[in-house]
Amino acid sequence: MRKINDLIEKVLLLLAGSLFAAFILTVLYQVVARNYLKISVSWTDEVAMACFIWSVFIGAAVALRNRKHYVIDIFPPQFVITQRVLRLFGSLACLPLIYVLIVHGNVLVEMGWRRRSVALGTPMAYLFAALPVAGIAMVLFSLETIYDDIKALFNRHPAKPTKEANGS
């Protein structure tokens, strides 16, 4: 499972990075066109928004796997078991949100086939599809993190430093 998730993460990072670069270039083009070329380009708003939305949701899935979301430490590191229980609780608490992203995201995609973007005329389903796609990636990544959390909880030895703990 970890090797599959590694591959999925690499693909998602490449996709998110490319979409974010496209977002930056589109906004730059819009600024240059409006301020220097004195022309109005209507499609840039929609393309920039789509690139940004997709990169944010894909990035959120990768951040979930790498545990890079906000965390508040309320217990000192000496409370190992408590830290592990809270970490597992945090991983499990993400599951209802992931459910909403997948199930209700699919409903939004279905409705999006009947709606068209104003400037491009493309179905809004392509934009809304970012929600269930990110949700599916989050499910795969959550299975891995929940397994790791359960394994760590029942491990009597001190936890090994992780990537996020040692700052690498």
Side-chain angles (χ1 to χ4, degrees), residues 1-29 44 46-73 77 80 83-113 117 120 122-168:
M1 174 111 201
R2 196 171 310 276
K3 289 186 184 212
I4 292 170
N5 281 351
D6 286 342
L7 177 64
I8 292 170
E9 181 182 359
K10 286 179 185 175
V11 169
L12 291 179
L13 282 173
L14 178 67
L15 182 61
S18 300
L19 288 169
F20 192 71
F23 164 73
I24 297 295
L25 291 173
T26 303
V27 170
L28 181 65
Y29 175 70
T44 54
E46 290 180 8
V47 170
M49 180 180 60
C51 289
F52 186 72
I53 288 171
W54 270 90
S55 64
V56 164
F57 277 98
I58 291 171
V62 173
L64 179 84
R65 181 178 191 215
N66 295 315
R67 302 178 190 265
K68 296 293 184 186
H69 289 286
Y70 291 106
V71 176
I72 299 172
D73 291 328
V80 176
Q83 295 283 15
R84 290 177 183 173
V85 167
L86 289 175
R87 188 174 217 179
L88 176 61
F89 175 76
S91 296
L92 292 172
C94 290
L95 294 177
L97 173 65
I98 295 169
Y99 170 83
V100 169
L101 285 175
I102 295 172
V103 173
H104 297 288
N106 277 325
V107 170
L108 197 58
V109 169
E110 287 299 318
M111 291 184 336
W113 289 114
S117 67
L120 296 174
T122 57
M124 294 299 289
Y126 295 124
L127 178 69
F128 301 149
L131 281 74
V133 168
I136 290 167
M138 287 179 184
V139 164
L140 295 172
F141 295 156
S142 288
L143 290 175
E144 178 185 342
T145 58
I146 290 169
Y147 172 77
D148 290 344
D149 292 342
I150 291 171
K151 190 174 168 183
L153 183 62
F154 293 108
N155 184 5
R156 298 273 183 219
H157 303 290
K160 294 178 184 173
T162 58
K163 284 194 298 190
E164 68 273 1
N166 62 18
S168 52

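Here the CD1-OG distance, from I98 to S142, works out to 3.5 Å after rounding to the nearest 0.5 Å. To the nearest 0.5 angstrom, L14 atom CG is 10.0 Å from I58 atom CD1. The structure places CZ of F23 at 11.0 Å from CG of L28, a figure rounded to the nearest 0.5 Å.
Of all the heavy atoms in P132 and A129, the pair that sits closest is CD-O, 3.3 Å. The heavy-atom pair separating R67 from S91 by the smallest distance is NH1-OG, 3.6 Å. Closest approach of F128 and L108 over heavy atoms only: CD1-O, 3.3 Å. For the pair A61 and A134, the tightest heavy-atom approach, listed with the atom from each and the gap, is CB-O, 3.9 Å. In terms of heavy atoms, G105 sits closest to L131 at CA-CB, 4.2 Å. Minimum interatomic distance between L19 and C51 (heavy atoms only, all atoms of both residues): O-CB, 3.3 Å.
Within the 4.5 Å cutoff, no side-chain heavy atoms of L153 are placed close to those of R87. The side-chain heavy atoms of V62 and K68, taken from C-beta on, include no pair separated by under 4.5 Å. Residues D148 and R2 form a side-chain contact, since some pair of their non-hydrogen atoms from C-beta on lies under 4.5 Å apart. Between D149 and R84, every side-chain heavy-atom pair lies at or beyond the 4.5 Å cut-off. A heavy-atom distance below 4.5 Å is not found between the side chains of N66 and F141. Here the side chains of I24 and F20 are in contact, with some heavy-atom distance below 4.5 Å.
The aromatic rings of H104 and Y99 lie perpendicular to each other, with more than 60° between the two planes, well past the 30° mark. Note on ring orientation: taking the six-membered ring where Trp is involved, the planes of W113 and Y126 are perpendicular (angle over 60°, cut-offs 30° and 60°).
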Take M138 and C94 through the test side-chain contact (heavy atoms from CB on, under 4.5 Å) and record every step on the way to the result. CA-CA 9 Å; M138 287 179 184; C94 290; over 6 Å; no
Give the intermediate values and the outcome of side-chain contact (heavy atoms from CB on, under 4.5 Å) for residues L101 and I136. CA-CA 9 Å; L101 285 175; I136 290 167; over 6 Å; no
side-chain contact (heavy atoms from CB on, under 4.5 Å) evaluation trace for L127 with E46: CA-CA 10 Å; L127 178 69; E46 290 180 8; over 6 Å; no
Pair I146, L88 - check side-chain contact (heavy atoms from CB on, under 4.5 Å), show working. CA-CA 6 Å; I146 290 169; L88 176 61; 4.1 Å; yes
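When atom types are taken as modelled, the side chain of N106 and the backbone of I102 share a donor-acceptor pair closer than 3.5 angstrom. For R65 (side chain) and N5 (main-chain N/O), a donor-acceptor pair under 3.5 Å exists by modelled atom type.
Under the side chain to side chain contact (heavy atoms under 4.5 Å, CB included) test applied with I8, the options V11, L12, D6 reduce to a single match, L12.
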